[in-house]
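Working notes, beginning with the structure itself.
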Amino acid sequence: MTIYHFVGIKGSGMSALAQVLHDMKFKVQGSDVDKRFFTQLALEQSGITILPFQKENIKPGMTIIAGNAFPDTHEEIQEAMKLGLPIVRYHRFLGDFMQNFTSVAITGAHGKTSTTGLLAHVIEGAKPTSFLIGDGTGKGREGSEYFVFEACEYRRHFLSYFPDYAIMTNIDFDHPDYFANIDDVFSAFQEMSIQVKKGIFAYGDDEQLQKIQAKVPVLFYGFGNENDYQAKNIVKSTNGTSFDVFIRNTFYDTFSIPSFGDHSVLNALAVIGLCHYEEINVEVVKDQLTTFQGVKRRFSEKRIGSQILIDDYAHHPTEIKATIDAAKQKYPDRNIVAVFQPHTFSRTQAFLEDFAKSLREADKAYLCEIFGSARENHGKLSIKDLQNRIEGSEIITEENTSVLNQNENSVIIFMGAGDIQKFQESYEKQLIK
């Protein structure tokens with residue numbers, strides 16, 4: 001039996017795929033840099049071997065799954081070429097793998113990870129389901145009927161996939177280091193739409209998604225009356241949200257979710273729509289929605305002293321606003337404090353005004369230095385350019401997080417896609433001293 005060797009196994013998609021294959025009784029190992037990543041714990045708990053990068057890891061008889069971040073010049077990929085081993089890029093492997101199931105791709109600029117986690121949890125209540133989530137979580141079940149996975153539009157990677165269904169949560173201009181403008185983003189989603197085999201569930205209140213053309217039915221969900229699946233009579237509380245669903249203007253049922261913000265209603269509505277289309281029992285759907293625990297780094301809460309600390313992946317102005325709105329719904333009597341680390345110079349430059357506008361929704365904002373990426377580690381602007389646009393904002397470093405102490409009885413949201421967790425860890429350490 002071949003050994004699947006993952007080059008860059010700590011990547012969020014890669015680690016999730018490694019877990020899926022391991023669960024399905026394939027032999028799996030991988031290599032990566034020494035730095036510890038949040039994806040590592042699940043790999044270690046599964047007993048999957050993680051090696052430091054070196055060409056000696058590559059042996060005859062292996063199949064190499066290469067992470068998208070590593071070029072063909074990488075020493076392990078070079079060694080695999082020398083030995084004539086099969087080398088498959090992550091997204092290509094995933095594209096082939098999903099053909100064994102009824103596959104559902106969840107894509108969109110925002111909300112992919114949460115919606116993927118929610119759909120997997122709900123369908124699992126009715127049918128054996130395997131899933132791959134962008135927070136580094138993957139689960140493979142032998143005998144699975146469904147495969148639910150997150151499909152990223154970055155560099156048009158999702159064009160490797162030909163899923164049965166797609167959920168499209170929204171189209172927004174993100175990844176300015178790759179996409180030229182919103183029209184370029186739309187063209188990628190349009191191309192993806194042609195590859196879907198059975199049906200598309202698209203957020204109908206999004207003017208870009210309204211233009212999508214496909215060879216299969218496109219069903220719209222949202223708040224507006226024109227949607228096939230519509231959420232109405234929304235009741236928000238500090239315990240969660242309930243709402244009625246109408247299908248083509250006919251009442252279907254009432255649903256409750258233990259989560260907050262309009263975006264959470266939309267994620268649930270997409271899941272309800274797909275499950276209705278696949279004729280999954282509505283009582284199962286209702287029950288499963290109420291027991292969803294969320295996904296990693298999406299509104300992950302802990303209480304320390306008088307403060308509530310939230311870790312969230314929000315790294316785009318739309319996501320920041322949604323996260324702050326959710327916190328306001330759950331904690332209406334507390335101040336909301338944002339601690340934000342911008343991710344990549346190109347994104348910070350492209351959305352500077354929008355970042356400032358969304359962060360002004362918080363009662364107080366603290367800013368961390370811009371997190372560069374492997375693709376770009378410097379730029380023309382600095383964090384001061386953002387600070388100058390947000391009145392009363394302060395810049396903090398990993399060493400001086402104690403200033404957050406001043407915000408008693410507050411909700412402090414640590415937001416970003418870089419290493420914002422180290423600021424939260426630093427703050428927690430000095431709180432516990």
Does a side chain donor of either [X] or [Y] reach within less than 3.5 Å of an acceptor in the other side chain?
X	Y	answer
Asn233	Asp244	yes
Thr169	Thr115	no
Thr137	Gln19	no
Glu428	Gln424	yes
Thr318	His263	no

[Y] backbone acceptor or donor facing [X] side chain under 3.5 Å:
X	Y	value
Asn100	Phe97	yes
Asp164	Lys197	no
Lys422	Glu398	no
Asp354	Pro317	no
Thr290	Asp287	yes
Gln329	Phe260	no
Ser382	Lys384	yes
Gln208	Asp172	no
Asn170	His110	yes
His22	Ile48	no

**OP:** Could you pull out all residues at least two apart from Asp184 that satisfy side chain to side chain contact (heavy atoms under 4.5 Å, CB included)?
**Re:** Arg156, Phe179, Ala180, Asn181, Ser187
Original post:
Among Asn267, Asn227, Ile167, which residue meets the side chain to side chain contact (heavy atoms under 4.5 Å, CB included) test with Tyr221?
Top reply: Ile167
Shortest non-hydrogen contact between [X] and [Y], atoms and distance:
X	Y	value
Leu132	Thr116	O-CG2, 3.6 Å
Asp206	Ile171	OD2-N, 2.9 Å
Ala151	Thr107	O-OG1, 2.8 Å
Ala268	Ile257	CB-CG2, 4.0 Å
Cys368	Ile420	SG-CD1, 3.9 Å

To the nearest 0.5 Å, what is the distance between [atom1] ([X]) and [atom2] ([Y])?
X	Y	atom1	atom2	value
Glu44	Thr39	CD	OG1	9.0 Å
Met62	Ile87	CE	CD1	12.5 Å
Tyr427	Ile396	OH	CD1	10.0 Å
Ser426	Gln421	OG	CD	13.0 Å
Glu207	Phe186	CD	CZ	11.0 Å
Arg89	Ser160	CZ	OG	11.5 Å

Around atom [atom1] of [X], are there more than 12 heavy atoms from other residues, nucleotides or ligands closer than 6.0 Å?
X	atom1	value
Arg360	CZ	yes
Lys328	NZ	yes
Lys211	NZ	yes
Gln293	CD	no
Lys286	NZ	yes

Original post:
Is there a side-chain contact between Ser193 and Ile200 (heavy atoms, below 4.5 Å)?
Top reply: yes
Original post:
Do Phe299 and Asp312 touch side chain to side chain, with heavy atoms closer than 4.5 Å?
Top reply: yes
Original post:
Quick one: are the ring centres of Tyr90 and Phe6 less than 6.0 Å apart?
Top reply: no
Original post:
Less than 6.0 Å separating the ring centroids of Phe371 and His315?
Top reply: no
Classify the ring geometry between [X] and [Y] as parallel (under 30°), tilted (30 to 60°) or perpendicular (over 60°).
X	Y	result
Phe355	Phe340	tilted
Phe147	Phe149	parallel
His91	His157	tilted
His121	Phe292	tilted

Ignoring hydrogens and angles, write down the donor-acceptor pairs under 3.5 Å from the side chains of residues 272-280, residues two or more places apart or on other chains.
unit_1 : atom_1 : unit_2 : atom_2 : d
His276 : ND1    : Tyr229 : OH     : 2.8
Glu278 : OE1    : Tyr146 : OH     : 2.4
Glu278 : OE2    : Tyr165 : OH     : 2.5

**OP:** Evaluate the criterion salt bridge (charged side-chain N to carboxylate O under 4.0 Å, His left out) for residue pair Asp325 and Lys321; output intermediate values, then yes/no.
**Re:** CA-CA 6 Å; Asp325 285 349; Lys321 184 180 184 311; 2.9 Å; yes
Subject >> Selection residues 226-241 - residue pairs positive for salt bridge (charged side-chain N to carboxylate O under 4.0 Å, His left out), sequence neighbours left out >> reply: Asp228-Arg248, Lys236-Asp262
Original post:
Going by an N to O cut-off under 4.0 Å, is there a salt bridge joining Lys330 and Glu301?
Top reply: yes
